[in-house]
> 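Pasting a structure here, questions to come.
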Amino acid sequence: LSPQNLKTCNGNTSIMDMFEKGKVLKICAPMVRYSKLAFRSLVRKYDCDICFTPMIVASDFMRSVKARDSEFTTNEHDRPLIVQFAAHDAQTLADAACVVAPFSDGVDLNCGCPQRWAMSAGFGACLINKPELVKDMVRHVRNQVDNPNYTASIKIRIHKDLRQTVDLCQKAESAGVSWITVHGRTSEERHQPVHYDAIKTIKDSISVPVIANGDIKYLRDVESTYKLTGVDGVMAARGLLSNPAMFSGYEDTPLECIWDWVDISLEQGTPFTCFHHHLIYMLERVSSQPERKVFNSLSSTSAVIDYLQNTYGSFDTGTMMSS
């Protein structure tokens with residue numbers, strides 16, 4: 001079953017069919033401002049199995065048509081797709097899930113965002129301390145979306161006391177959670193090493209699939225994370241931003257991928273700042289400081305395209321970027 005053929009509009013196929021023993025799914029993380037349609041279209045060309053939308057605040061999404069149109073854009077090729085919501089009310093989450101269900105394969109509840117604004121609003125990582133509420137939210141989505149193959153997943157961080165995390169995961173499993181993504185850090189930790197032992201403990205404590213998240217920068221990290229934890233998939237964020245072709249095994253962004261991004265952006269009318277920001281990330285590891293200074297100061301799409309052509313040549317010449 002190839003991801004390209006996986007269309008759940010008819011409700012006959014489920015993303016759950018993609019989880020196979022010994023196969024590690026490769027997943028693009030929800031990234032605010034970044035994991036939008038254009039970028040998802042790019043990583044799907046380079047062996048990414050499942051993509052997440054950026055986190056959307058469910059109550060805002062339900063309150064205004066304008067929010068729905070600006071926050072959620074997709075097309076018929078943008079599958080398998082998981083829509084991630086921030087919510088702290090079960091009915092609001094279920095309502096939002098019902099709105100996006102015809103255009104996606106599942107919803108994910110954010111229980112991991114450590115940012116202050118999210119925590120103080122009752123969203124994100126503070127939910128890992130409210131297992132009953134998480135259970136309730138998962139159950140509402142499960143009961144109210146009428147496609148039985150539609151998934152309801154959660155993305156969490158870990159507690160200092162791992163017993164609390166295991167308890168949360170087992171409660172979510174009892175409520176019918178489809179799978180759980182574990183960012184192997186506590187909500188206080190930022191760039192500290194990922195706790196792979198904690199991810200393994202969680203994987204061993206539940207029977208639904210577990211996805212590992214944190215510090216996946218190269219394809220080899222996918223394999224080593226699998227060996228350390230036995231997870232069913234890995235999710236990358238910053239690693240994909242700096243190299244959208246990472247899951248295809250490229251060490252650095254290949255030139256072909258740069259020009260694919262230009263084509264997709266032009267085709268989809270990506271705003272200049274977003275178009276430029278992604279290229280800044282992609283070129284970071286493959287360009288020198290003076291080159292970056294020039295590139296970062298460019299202020300129009302045509303200037304960027306001229307720069308790329310003059311510096312790297314067009315892809316037709318068959319050259320690949322080298323560090």
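In this text, all values refer to a predicted model and were calculated from it rather than measured experimentally.
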> Any side-chain donor paired with an acceptor under 3.5 Å for Ser153 and Thr151?
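The answer is no; no qualifying pair exists.
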> Sort and list the pairs that fulfil ring-ring contact (aromatic ring centres under 6.0 Å, His included) and have at least one residue in residues 182-239, not counting sequence neighbours.
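Found none.
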> Quick check: does any side chain N or O of Glu173 sit under 3.5 Å from a backbone N or O of Ser207, one acting as donor and the other as acceptor?
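It does hold such a pair.
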> Per the side chain to side chain donor-acceptor pair (under 3.5 Å) rule, which among Lys160, Gln170, His159 passes with Thr165?
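For Thr165, the side chain to side chain donor-acceptor pair (under 3.5 Å) test succeeds with only one of Lys160, Gln170, His159, which is His159.
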> If you look only at pairs with a residue in residues 85-138, which of them pass as a ring-ring contact (aromatic ring centres under 6.0 Å, His included), with sequence neighbours excluded?
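Sorted pair list: Phe61-Phe85, His88-Phe123.
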> Any side-chain to backbone donor/acceptor pair from Glu291 onto Ser288? Under 3.5 Å, distance only.
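Present.
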> Write out all pairs satisfying ring-ring contact (aromatic ring centres under 6.0 Å, His included) with one or both partners inside residues 24-45, taking only residues at least two apart or from two chains.
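Of all non-adjacent pairs touching residues 24-45, those that pass ring-ring contact (aromatic ring centres under 6.0 Å, His included) are Tyr34-His278, Tyr34-Tyr281, Phe39-His278.
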> Show your reasoning for whether side chain to side chain contact (heavy atoms under 4.5 Å, CB included) applies to Ile82 and Trp179.
CA-CA 12 Å; Ile82 302 296; Trp179 76 80; 3.5 Å; yes
> Would Ser104 and Tyr150 count as a side-chain hydrogen bond (donor to acceptor under 3.5 Å, both in side chains) here? Give the steps.
CA-CA 8 Å; Ser104 57; Tyr150 199 70; 2.7 Å; yes
> Kindly say whether Leu81 contributes a backbone atom to a donor-acceptor pair with the side chain of Asp105 at under 3.5 angstrom?
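Yes, Asp105 side chain to Leu81 backbone: donor-acceptor pair under 3.5 Å.
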> Ignoring hydrogens and angles, state whether a donor on the side chain of Arg142 or Ser178 is under 3.5 Å from an acceptor on the partner side chain.
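Side-chain D/A pair, Arg142 to Ser178: present.
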> For Thr181 and Asn213, what are the C-alpha separation, side-chain angles and deciding distance, and is it a side-chain hydrogen bond (donor to acceptor under 3.5 Å, both in side chains)?
CA-CA 7 Å; Thr181 301; Asn213 173 224; over 6 Å; no
> Sub-3.5 Å donor-acceptor pair from the side chain of Ser297 to the main-chain atoms of Val294, do we have one?
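The answer is yes, because a donor-acceptor pair under 3.5 Å joins these two groups.
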> Please identify each residue that fulfils side chain to side chain contact (heavy atoms under 4.5 Å, CB included) with Pro114, with sequence neighbours left out.
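Expected list: Arg157, Ser187, Arg190.
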> Would you mind telling me which of Ile158, Thr201, Asp161 makes a side-chain contact (heavy atoms from CB on, under 4.5 Å) with Val166?
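For Val166, the side-chain contact (heavy atoms from CB on, under 4.5 Å) check succeeds only for Thr201.
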> Among pairs that include at least one residue of residues 285-308, which meet ring-ring contact (aromatic ring centres under 6.0 Å, His included), considering only residues two or more places apart or in two chains?
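Matches after skipping sequence neighbours: His276-Phe295, Phe295-Tyr307.
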> Tell me yes or no: between the side chains of Gln268 and Ser41, is some donor less than 3.5 Å from an acceptor?
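Side-chain D/A pair, Gln268 to Ser41: present.
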> Donor-acceptor pair, distance only, cut-off 3.5 Å: does the side chain of Arg185 make one with the backbone of Pro193?
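Pair absent, no side-chain N/O of Arg185 close to backbone of Pro193.
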> I'd like to know if the side chain of Thr253 reaches the main chain of Met282, judged simply by a donor and an acceptor atom lying under 3.5 Å from each other, with no hydrogens or angles considered.
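Answer holds: yes.
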> Quick one: salt bridge (Lys or Arg N to Asp or Glu O under 4.0 Å) pairs with a partner in residues 204-213, sequence neighbours left out?
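Sorted pair list: Lys200-Asp204.
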